[in-house]
Amino acid sequence: MKIIHISAECYPIAKVGGLADVVGALPKYQNNAETTSQVVMPFYNNKFTQEHQFKTVHEGIVILGTDSLNFKILTLEIADLGFELYLVDIPDLLFKDYVYSENDTDRFLAFQIAALDWILQNKQLPDIIHCHDHHTGLIPFMISHANKYKQLKNTPSVFTIHNAQYQGWFSHDKIDLIPSFPLSHIGLLDWDNCINPLATAIKCAWRVTTVSPSYMEELKVKANGLESLINSESQKCIGILNGIDTNVWNPETDDFIVSKYCGANCDAGKKASKEWLCEKFSLDPKKPLFVFIGRLVEEKGADLFNELFNLALKNLDISILLLGSGNKEVEKQLTQLTSKYQKKYNAYIGYDEALSHKMYAGGDFLLMPSRVEPCGLNQMYSLRYGTIPIVNKIGGLKDTVVDISEDGFGIVHTENTVKGIYNSIKRASQFYNESSNFKDIRKTIMQIDHSWDESAQKYVSLYKSLIQNS
Ligand code: ADP
């Protein structure tokens, strides 16, 4: 079985968030005697592409409305990712030092068309086309209805919603950019008088998955305007929990962290990591260290941080270290706090993969007061590194973290307000002082299996059921 994943992000080539981690891991777990899994993504101008050598496997011309753009498909000279990687190189549109911008319609439309043009001319057509998020949301429509992709009409498409907040809306004025199709199908592109790639994918994909079962249920009542669509298409929708790449995220082998450790020597390993962080960020290693890693947006609860951190740092004997970027006002507030709470609080505003690993290793608790969390990978990484997650009970967080009061291993709240999160931090700092319980729990959580094995198999079963019916 040949599976092609199509995505805007894939770790380690280009990463903005969890989408990259998933697309960089799932195909590895789907490569075996039975299945071959490939990834197709844009060729960006970044550290990875600058540091690697590529060869051209195809050249073509992508037609975007009245424009004809040259494109190439590149692959790595030395392939060592665990899956075959193909990069769509459209210099004027995709080869940028960013993944996303304010105006991405033409960029990702050209990407999707070029990817399909290339797939079509390959000797072996795929058995499954698996698309990820709205940047690839028009592919299920194009393979089912565009005149030039008729040969792919019977190829099953799977579409995974990693985040339904972002839908890729654009105006009907741009409809001519989409390869021609019988006009009777035009309604499939429309949602609320816009072309909505996410809605189109939900309508046209053979199967729609979300990255956790709870998120699937939540979308039926809250999906940024797509609730009725999710409900009407629910018979083909299923939630499959993301896994984590346990080779990349492994404190026993992680080259990013200062002292490698396993369950048996976790106290010593975590102590060394915490001391490193505290030294670097001028914090006191004796106090419980709460870390946050992520995008500073409302979805992650970041607008609450200024008030929350003020309250917690004034009243509790703790330290907080934050890594993230996003909303400029929130960034400013969180930077200002560093001078107000010297030696108790610090922040690195920006993106730093290596530092994130050090924080998963050196933190005592990970803060995740998200309002929306389709799956959330951070809590799974923190468990693997023996750092206790503090989460709001929603989405994937609900599916992966159980409160210590229910024989579980995390701190879970349902009131995701400043007061509610503050109470969780207070409970956590009390728990930190119950030294032996605290140490036992972190050894236990390191053993929880969140690898991709089971979920990758669920996807394969889903693909097989579609192939049988194609
Ligand atoms: P989302 O995709 O919504 O941002 P996830 O929890 O699914 O959230 O995945 C976030 C991923 O991005 C994790 O691998 C996390 O460590 C990483 N990440 C987020 N922000 C940063 C940052 N500022 N620096 C380094 N890694 C980050």
Side-chain angles (χ1 to χ4, degrees), residues 7-26 46-47 98-100 132-135 160-166 210-212 214-215 218 224 239-251 254 256-257 277 281 291-302 305 321-328 330-331 334-335 346-363 366-385 387 389-392 394-401 450 452 455:
S7 169
E9 296 178 40
C10 174
Y11 182 83
I13 302 96
K15 170 169 168 179
V16 177
L19 170 62
D21 288 350
V22 172
V23 179
L26 175 60
N46 63 15
K47 193 162 177 278
Y98 49 80
V99 173
Y100 305 120
H132 298 266
D133 268 355
H134 72 83
H135 328 96
T160 296
I161 305 174
H162 295 256
N163 194 331
Q165 292 301 107
Y166 310 103
T210 55
V211 288
S212 70
S214 288
Y215 188 54
E218 286 171 15
N224 204 6
I240 300 179
L241 190 69
N242 279 341
I244 62 172
D245 189 331
T246 47
N247 293 320
V248 174
W249 298 94
N250 181 356
D254 190 336
F256 286 130
I257 66 177
L277 284 176
F281 290 98
V291 298
F292 172 86
I293 300 158
R295 294 179 294 120
L296 298 175
V297 294
E298 259 186 54
E299 273 181 283
K300 303 283 178 196
F305 288 176
L321 179 61
L322 173 138
L323 164 64
S325 62
N327 181 295
K328 294 297 156 205
V330 174
E331 286 184 358
L334 294 174
T335 306
N346 217 331
Y348 179 93
I349 303 297
Y351 189 93
D352 189 328
E353 189 72 25
L355 178 58
S356 75
H357 285 241
K358 291 183 173 78
M359 288 171 65
Y360 289 116
L366 176 91
L367 286 169
M368 257 186 117
S370 308
R371 289 196 180 88
V372 180
E373 199 57 84
C375 175
L377 296 169
N378 300 18
Q379 80 281 15
M380 296 197 253
Y381 298 147
S382 87
L383 291 169
R384 181 122 169 106
Y385 283 71
T387 301
I390 299 178
V391 306
N392 182 23
I394 44 118
L397 300 175
K398 186 172 161 187
D399 294 342
T400 51
V401 184
H450 275 299
W452 266 106
S455 296

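In each ligand, atom 1 is the first atom listed, and ligand 1 is the first ligand listed.
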Show the distances, to 0.1 Å, for all pairs joining an N/O atom of ligand 1 and a protein N/O atom that are shorter than 3.5 Å, listing one pair per line.
unit_1   : atom_1 : unit_2 : atom_2 : d
ligand 1 : 2 (O)  : G18    : N      : 2.6
ligand 1 : 3 (O)  : R295   : NH2    : 2.8
ligand 1 : 3 (O)  : K300   : NZ     : 2.8
ligand 1 : 4 (O)  : R295   : NE     : 2.8
ligand 1 : 6 (O)  : L377   : N      : 3.0
ligand 1 : 6 (O)  : N378   : OD1    : 2.9
ligand 1 : 8 (O)  : K300   : NZ     : 3.1
ligand 1 : 9 (O)  : G18    : N      : 3.2
ligand 1 : 14 (O) : K15    : NZ     : 2.8
ligand 1 : 14 (O) : D21    : OD2    : 2.6
ligand 1 : 16 (O) : Y360   : OH     : 2.8
ligand 1 : 23 (N) : G350   : O      : 2.9
ligand 1 : 24 (N) : D352   : N      : 3.1

**OP:** Could you walk me through whether L322 and I349 pass the side chain to side chain contact (heavy atoms under 4.5 Å, CB included) test, one step at a time?
**Re:** CA-CA 8 Å; L322 173 138; I349 303 297; 4.0 Å; yes
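- Every residue meeting the side chain to side chain contact (heavy atoms under 4.5 Å, CB included) condition with N247, not counting sequence neighbours, appears here in chain and number order: D245.
- Using a 30° and 60° split on the angle between ring planes, H132 and H162 fall in the tilted class, from 30° to 60°.
- Aromatic ring pairs are classed by plane angle as parallel below 30°, tilted from 30° to 60° and perpendicular above 60°; the pair W249 and Y385 is perpendicular.
- Checked against salt bridge (Lys or Arg N to Asp or Glu O under 4.0 Å), E299 has the following partners two or more places apart in sequence or in another chain: R295.
- K398 meets the salt bridge (Lys or Arg N to Asp or Glu O under 4.0 Å) test with no other residue; sequence neighbours excluded.
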